[in-house]
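Step one of this worksheet: look at the structure below.
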Amino acid sequence: MSNLLIKGAHVLLEDYTVKETDIAVKDTEILAIGDIPADFKAERTVDGSNHFAAPGFVNGHTHASMTMLRSYGDDMELMDWLNNRIWPTEAKMVEKDIRVGGELALLEMIKTGTTAYADMYGPHMESVIEATIKAGIRGVIARGAIGLFPAGRQILEDNVKLFENYHGAGDGLITIMMGVHAPYTCPPEFCEYARELAVKHQIPIHIHMNETQAEIKQIQEQYGKRPFKYIEDTGLFELPAIAAHCVWLDDEDIAIMKKHNISAIHNPGSNMKLASGVSPVPRLLKEGINVALGTDGASSNNNLDMLEEVRLAAMLHKVNELDPLAVPAKVALQLGTENGAKALLLDKVGKLAPGYKADIVLYDMNRADWCPRHDLVSLLVYSASSSSVDAVICDGKVIMEKGEVLTLDEERILHEAQETAMDLVNR
């Protein structure tokens, strides 16, 4: 552990104002912003001049190793895409595919300013966890379990083993959730078993909910109720839960979300590309429901760029609501940072403030898209690209500097990912 000083950056404060000042980092936390203690001695100083300092993004929902299937099966309807392209190929995946896909995802996330992410995938999630620890960012990992598969219950039990072996690993970088894929793939008795295991070990739930109209119709025809009521009746929502997508919601769904304090993970890029629909984010926010952002997997997005998701969230709801104030820049940025940390139960993450974890991204403003600098929050959300990410600090450690990821071998990962992906789809 060491002391780090960021000098003269334009710092996004917790009230979303910006101040040109210094940031002192002691070990893993922000010690001070401005008014640096006189006895603070920095082992390392980073020049923050002409840089915008903001919290690292929190990717609330992705499937990291799906990078192996980026551009494989595009321009398809969701269930056709899943049944005829994705699931048959995923069934052939071995440990190397999962590991290399995870490494590629981590590389991309760091280079685009993400310092925490929630992953639901598998098998071989141990390899993704180890890669995440090496990369130096926060991973909230779940083994995705599909109840229609013969090994479904075993997968849930494997998820418990992940919790027992890795929850809190990497000096706290790793936490574990229980991955229950979706109502349309998980029968009632399977969800009840997942609830039993999750309650016993106090493991939060990560689930897909209400992504398409077709799945809602399917659940209603099978069980006579909508998906949120169906899952509530299995008891799964007794645990803290994040619900990915939440596109098609009615009053009852929203009431259930409020009752159980369920966080919605909005995936605008994926939902637009798959034509799933538009989540009612402005209403959810007005109802006091925590809304965060996720990229979904790189085969349905097709990137893991959270700055792009922030921009899409800000712009999609303006045109959908015909209201330029529907999701302002500040709110969109909150969805991608502090709201994501709240959803993933990450304490003291998502803001730049004393006592918070030192998860900091420095954006190089010596670029045309950052000029002129009338409003830096607006510039970040509406103008800047993630290629302006210059440095990334997570848990007090510099993991990217001057555009170079220090914890991962970029050249090796890109080469291995290309070869591995081509081998996977041709097996």
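Taking a 6.0 Å sphere around NZ of K342, one finds it holds 12 or fewer heavy atoms contributed by other residues, nucleotides or ligands. The number of heavy atoms from other shown groups lying within 6.0 Å of CG (N426) is above 12. The environment of E411 atom CD is sparse: at most 12 non-hydrogen atoms of other residues, nucleotides or ligands sit within 6.0 angstrom. Around atom NZ of K92, more than 12 heavy atoms belonging to other residues, nucleotides or ligands sit under 6.0 Å away.
The CG atom of N50 lies 4.5 Å from the CZ atom of R373; values are rounded to the nearest 0.5 Å. Rounding to the nearest 0.5 Å places OG1 of T17 at 3.5 Å from CG of D15. Separating the NZ atom in K397 from the OG1 atom in T407 is a distance of 11.0 Å, to the nearest 0.5 Å. Atoms CG and OG, on N267 and S276 in that order, are 9.5 Å from each other to the nearest 0.5 Å. With rounding to the nearest 0.5 angstrom, the CE atom of M76 is 9.5 Å from the CH2 atom of W81. How far CG of N159 is from NE2 of H201: 10.5 Å, rounded to the nearest 0.5 Å.
Residues P268 and L293 meet the side-chain proximity criterion, which asks for heavy atoms closer than 4.5 Å. For the pair I413 and V100, the minimum side-chain heavy-atom distance is 4.5 Å or more. With contacts defined as side-chain heavy-atom distances shorter than 4.5 Å, the pair K217/W248 does not qualify. R226 is listed as a side-chain neighbour of D250, based on a closest heavy-atom distance under 4.5 Å. I393 places none of its side-chain heavy atoms less than 4.5 Å from the side chain of D359. When side chains are defined from C-beta on, I203 does not count as touching L197, because their heavy atoms never get closer than 4.5 Å. Counting only heavy atoms from C-beta outward, the side chains of P188 and Y223 approach each other to under 4.5 Å. Side-chain contact between R138 and K357 is present, with heavy atoms from C-beta onward closer than 4.5 Å.
A distance-only check finds a donor-acceptor pair linking the side chain of D119 to the backbone of A64 [under 3.5 Å]. With hydrogens and angles disregarded, a donor-acceptor distance shorter than 3.5 Å links the side chain of N290 to the backbone of N339. Between the side chain of T132 and the backbone N or O of V128 there is at least one donor-acceptor pair closer than 3.5 Å. Remark: the backbone N or O of D323 is not paired with any side-chain donor or acceptor of E321 at under 3.5 angstrom.
Defined by atom type and a distance below 3.5 Å, a donor-acceptor pair is missing between the side-chain atoms of Q222 and Y230. At a cut-off of 3.5 Å, with distance as the only test, a side-chain donor of E215 or T212 sits close to an acceptor on the other residue. Side-chain polar atoms of T89 and R427 form no donor-acceptor pair below 3.5 angstrom. Side chains of S383 and D369: a donor-acceptor N/O pair is absent below 3.5 angstrom, by distance only.
A cation-pi geometry, defined here as NZ or CZ lying under 6.0 Å from the six-membered ring centre and within 45° of its normal, does not hold between R311 and Y382. Taking the ring centre of Y193 as origin, the terminal cationic atom of R153 falls inside the region bounded by 6.0 Å and 45° from the ring axis.
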Take H317 and H266, measure what ring-ring contact (aromatic ring centres under 6.0 Å, His included) needs, and give me the verdict at the end. CA-CA 12 Å; H317 299 287; H266 179 35; 4.8 Å; yes
Candidate pair K229 and E252, rule salt bridge (Lys or Arg N to Asp or Glu O under 4.0 Å), full reasoning: CA-CA 8 Å; K229 180 59 176 170; E252 180 189 46; 5.4 Å; no
Verdict with reasoning, E90 to R85, per salt bridge (Lys or Arg N to Asp or Glu O under 4.0 Å): CA-CA 9 Å; E90 287 179 332; R85 293 293 270 182; over 6 Å; no
Given side chain to side chain donor-acceptor pair (under 3.5 Å), test K111 with S386 step by step and report yes or no. CA-CA 8 Å; K111 289 180 75 73; S386 57; over 6 Å; no
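Taking the centre of each ring, Y117 and F57 stay at or above the 6.0 Å mark. The distance between the ring centers of Y121 and H124 does not fall below 6.0 angstrom.
Take H208 and apply the side-chain hydrogen bond (donor to acceptor under 3.5 Å, both in side chains) test, not counting sequence neighbours, and it matches H61, H63.
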